[in-house]
Q: 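First the structure, then my questions, so here it is.
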Amino acid sequence: MKQSLINLILFSDRRKDLLFLLRKEPRDIDTIKELLNIGAGSIQPHIKKMRDAHLIIEEKKIYRLSEIGKIIVENMEPLLSTIEVFEVNEDYWKTRDLTRIPDFLLERIDELGHCELLEPDAEHLFETPKFFMEKLLSSKEILTFVSYFHPEAPSLYAGIAENGTRHVLCMTENVIERLFSGFPEEADRLFKNKNSKIFICRKPAPIPSIVVTDRFLALKLFEKDGKLRDQILISTEEKALSWGKELFWHCMQVAEPLEEKPGF
C-alpha cells in the first residue's frame, strides 16, 4: 500500500530531521550520518522511502531535496513550529482566550519559538520574577502595555527612565489613577523624564499586559473566563520580539498620549 506523504514525513523524526538537514544544503551519506548521529544501516531505509516518494534526489552519491521536497519543507516548518509552541506549554494555551490576539498574528504564532512560563510561588506572589527583572534592567528600549497595577511598578518604571532607557508606557485609566494618586512622587519622576512616553488607554484593554524590549518578550493573556493568573510567557527569540512589537502597537491603537498630569 502506498504510504501518504503526511504519514511518511510527520510520523518519523528521522525523516523530518533528514529533510530539514538537506534543506540547508546537499550532503553525502557520511555527513548525514555524522550530523544526525545515526548509523548507515538506520538512515538508509529512510532515504530509500524519501527517494521513492520523490522528496529526495541522489546524484553522484550526494543527496538533495527535490523541487517537491523543497516546497513541502518550506511549508512544514511553520506547522511544526506552531505545534511546538502550543505543545511545550499546552496547559497554558488551552485555557487562554486567544480571541484578543488579531488574526494576522495568530497565523504567525509559530514566531514565538521556544517560550518559558514564569509563575511565582505563594511566597513570592507579589514580587517581580528575577529572570524578568534582569532582562528588563539590561534592555535599552522597552515597550509596555499594562491593564493591571503592580505595587513594584511605580519605582521600577521611574528608575528605568532615569537610567536612560527609552520607555513607551501605556496604561489603562484605572492603572493611571492608582499610579498618580497613590505614588505621586514616582509618577511625577516618570511624567517629567524625557526618556519616557506615557499613553493612556480609555477603552477595554485587549490583553492584560505585554512587555517588549530589545532582549525579550513577556506576555500575559486572559483566561477564557476573563480571569487573570500571574503567569508570564517569556521568549527571547528574535522573531518573537518582532511579533511582540506588532502586538504592542496593535494594542496602542486604542491609546492616546497623556499630555498633562491627571488630577485625582
Side-chain angles (χ1 to χ4, degrees), residues 1-94 96 98 101-118 131 135 212-219 221 233-247:
M1 182 185 299
K2 185 177 180 181
Q3 187 176 17
S4 73
L5 287 178
I6 291 178
N7 291 340
L8 178 68
I9 297 169
L10 296 184
F11 293 170
S12 170
D13 289 337
R14 289 295 186 195
R15 292 195 283 273
K16 283 188 291 185
D17 292 343
L18 178 59
L19 285 174
F20 283 115
L21 181 65
L22 295 181
R23 177 194 182 195
K24 298 178 181 178
E25 61 181 81
R27 315 272 188 175
D28 61 31
I29 189 64
D30 290 332
T31 305
I32 290 173
K33 290 189 301 180
E34 179 183 353
L35 294 177
L36 295 183
N37 191 27
I38 188 174
S42 298
I43 194 62
Q44 286 290 5
H46 295 299
I47 290 177
K48 184 180 185 306
K49 288 182 179 181
M50 305 281 255
R51 289 177 61 193
D52 291 344
H54 305 287
L55 300 178
I56 289 177
I57 296 172
E58 180 188 2
E59 294 177 341
K60 298 179 180 180
K61 297 184 178 181
I62 300 295
Y63 297 94
R64 64 177 176 84
L65 293 180
S66 67
E67 291 304 312
I68 294 175
K70 291 178 183 177
I71 294 170
I72 288 177
V73 172
E74 287 298 326
N75 286 276
M76 270 175 57
E77 188 171 27
L79 171 62
L80 295 177
S81 297
T82 299
I83 291 172
E84 183 179 0
V85 167
F86 290 132
E87 199 169 50
V88 171
N89 297 292
E90 181 181 1
D91 291 338
Y92 175 87
W93 288 110
K94 68 185 182 183
R96 288 312 182 272
L98 301 183
I101 299 177
D103 289 342
F104 73 92
L105 288 176
L106 280 178
E107 292 169 0
R108 293 164 34 218
I109 205 163
D110 61 288
E111 295 177 11
L112 291 179
H114 179 73
C115 297
E116 292 186 39
L117 190 62
L118 302 184
F131 178 86
K135 291 288 185 184
V212 194
T213 82
D214 52 294
R215 300 205 61 195
F216 74 104
L217 160 68
L219 178 65
L221 297 173
L233 204 66
I234 298 279
S235 180
T236 58
E237 297 192 15
E238 187 174 346
K239 284 187 177 181
L241 306 191
S242 298
W243 189 95
K245 287 180 180 179
E246 289 187 56
L247 180 57

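For this chain, numbers begin at 1 and follow the sequence in order. All values reported here derive from a predicted model rather than from experimental measurement.
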Q: What's the spacing between Lys48 NZ and Ile43 CD1 if we round to 0.5 Å?
A: 14.5 Å
Q: Minimum heavy-atom separation for Ala240 and Leu217, please, with both atom names.
A: O-CD2, 3.6 Å
Q: Do Glu237 and Leu112 have side chains that approach each other closer than 4.5 Å (heavy atoms only, starting at C-beta)?
A: no
Q: Honestly, is Arg108 close enough over Phe104, meaning NZ or CZ under 6.0 Å from the six-membered ring centre and within 45° of the axis?
A: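 Verdict for Phe104: no cation-pi partner in Arg108.
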Q: To the nearest 0.5 Å, what is the distance between CD1 (Ile83) and CD (Glu90)?
A: 12.0 Å
Q: To the nearest 0.5 Å, what is the distance between CG on Leu221 and CZ on Arg96?
A: 7.0 Å
Q: Look at atom CG of Asp30 and say whether more than 12 heavy atoms of other residues, nucleotides or ligands are closer to it than 6.0 Å.
A: yes
Q: Flag the pair Arg14 and Asp17 as a salt bridge only when some basic side-chain nitrogen lies within less than 4.0 angstrom of an acidic carboxylate oxygen.
A: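 No, Arg14 and Asp17 are not salt-bridged.
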Q: Do Lys94 and Asp91 have side chains that get closer than 4.5 Å, going by heavy atoms?
A: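 They are in contact (side-chain heavy atoms under 4.5 Å apart), so the answer is yes.
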Q: Measuring from Glu246:CD to Glu111:CD, what's the distance to the nearest 0.5 Å?
A: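 So the CD of Glu246 and the CD of Glu111 are separated by 7.5 Å.
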Q: Check this for me: does any side-chain nitrogen of one of Asp13 and Lys16 sit under 4.0 Å from a carboxylate oxygen of the other?
A: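 Salt bridge between Asp13 and Lys16, a charged N being under 4.0 Å from a carboxylate O: yes.
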Q: Determine the minimum heavy-atom distance between Ser12 and His46, stating which atoms define it.
A: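 Smallest interatomic distance, heavy atoms only, reads OG-CE1, 3.7 Å.
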Q: Start with the C-alpha distance between Leu219 and Ile234, add both sets of side-chain angles, then the distance that settles side-chain contact (heavy atoms from CB on, under 4.5 Å), and finish with yes or no.
A: CA-CA 7 Å; Leu219 178 65; Ile234 298 279; over 6 Å; no
Q: Can you list the steps and then say if Leu22 with Ile32 is a side-chain contact (heavy atoms from CB on, under 4.5 Å)?
A: CA-CA 9 Å; Leu22 295 181; Ile32 290 173; 4.3 Å; yes
Q: Okay, side chain of Asn89, backbone of Glu116: is any donor-acceptor separation there less than 3.5 Å?
A: no
Q: Measuring from atom CG of Asp28 to atom CD of Glu58, what distance do you get when rounded to the nearest 0.5 angstrom?
A: 10.5 Å
Q: Any non-hydrogen side-chain atom of Leu55 less than 4.5 Å from a side-chain atom of Ile68?
A: yes
Q: Would you say Phe86 and Asp110 make side-chain contact, with heavy atoms under 4.5 Å?
A: no
Q: Test side-chain contact (heavy atoms from CB on, under 4.5 Å) on Trp93 and Leu233; report intermediate values, then the result.
A: CA-CA 10 Å; Trp93 288 110; Leu233 204 66; 3.2 Å; yes
Q: Is Leu8 close to Lys49 at the side-chain level, that is, under 4.5 Å between some pair of heavy atoms?
A: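 Yes, at least one pair of side-chain atoms sits under 4.5 Å.
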Q: Minimum heavy-atom separation for Arg23 to Glu77, with atom names?
A: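 Result for this residue pair: NH1-OE1, 2.6 Å.
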Q: Apply side-chain contact (heavy atoms from CB on, under 4.5 Å) to residues Thr236 and Lys135 and explain how you reach the verdict.
A: CA-CA 10 Å; Thr236 58; Lys135 291 288 185 184; 4.3 Å; yes
Q: Can Glu25 and Arg64 be counted as an ion pair, charged N to O under 4.0 angstrom?
A: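 Not counted as a salt bridge, because no side-chain N and carboxylate O are separated by less than 4.0 Å.
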Q: Who pairs with Glu84 by side chain to side chain donor-acceptor pair (under 3.5 Å), at least two apart in sequence or on another chain?
A: none
Q: Heavy atoms, side chains only, cut-off 4.5 Å: are Ser42 and Leu36 in contact?
A: no
Q: State, with a plain yes or no, whether a side-chain heavy atom of Arg51 is found less than 4.5 Å away from one of Tyr63.
A: yes
Q: Could you tell me which non-hydrogen atom of Leu247 sits nearest to which non-hydrogen atom of Pro102, and how far apart they are?
A: CD1-CD, 3.9 Å
Q: Do Gln44 and Ile47 have side chains that approach each other closer than 4.5 Å (heavy atoms only, starting at C-beta)?
A: yes
Q: How about NZ on Lys239, more than 12 heavy atoms from neighbouring residues, nucleotides or ligands closer than 6.0 Å, or not?
A: no
Q: Drop me the distance from Leu21's CG to Thr31's OG1, to the nearest 0.5 angstrom.
A: 8.5 Å
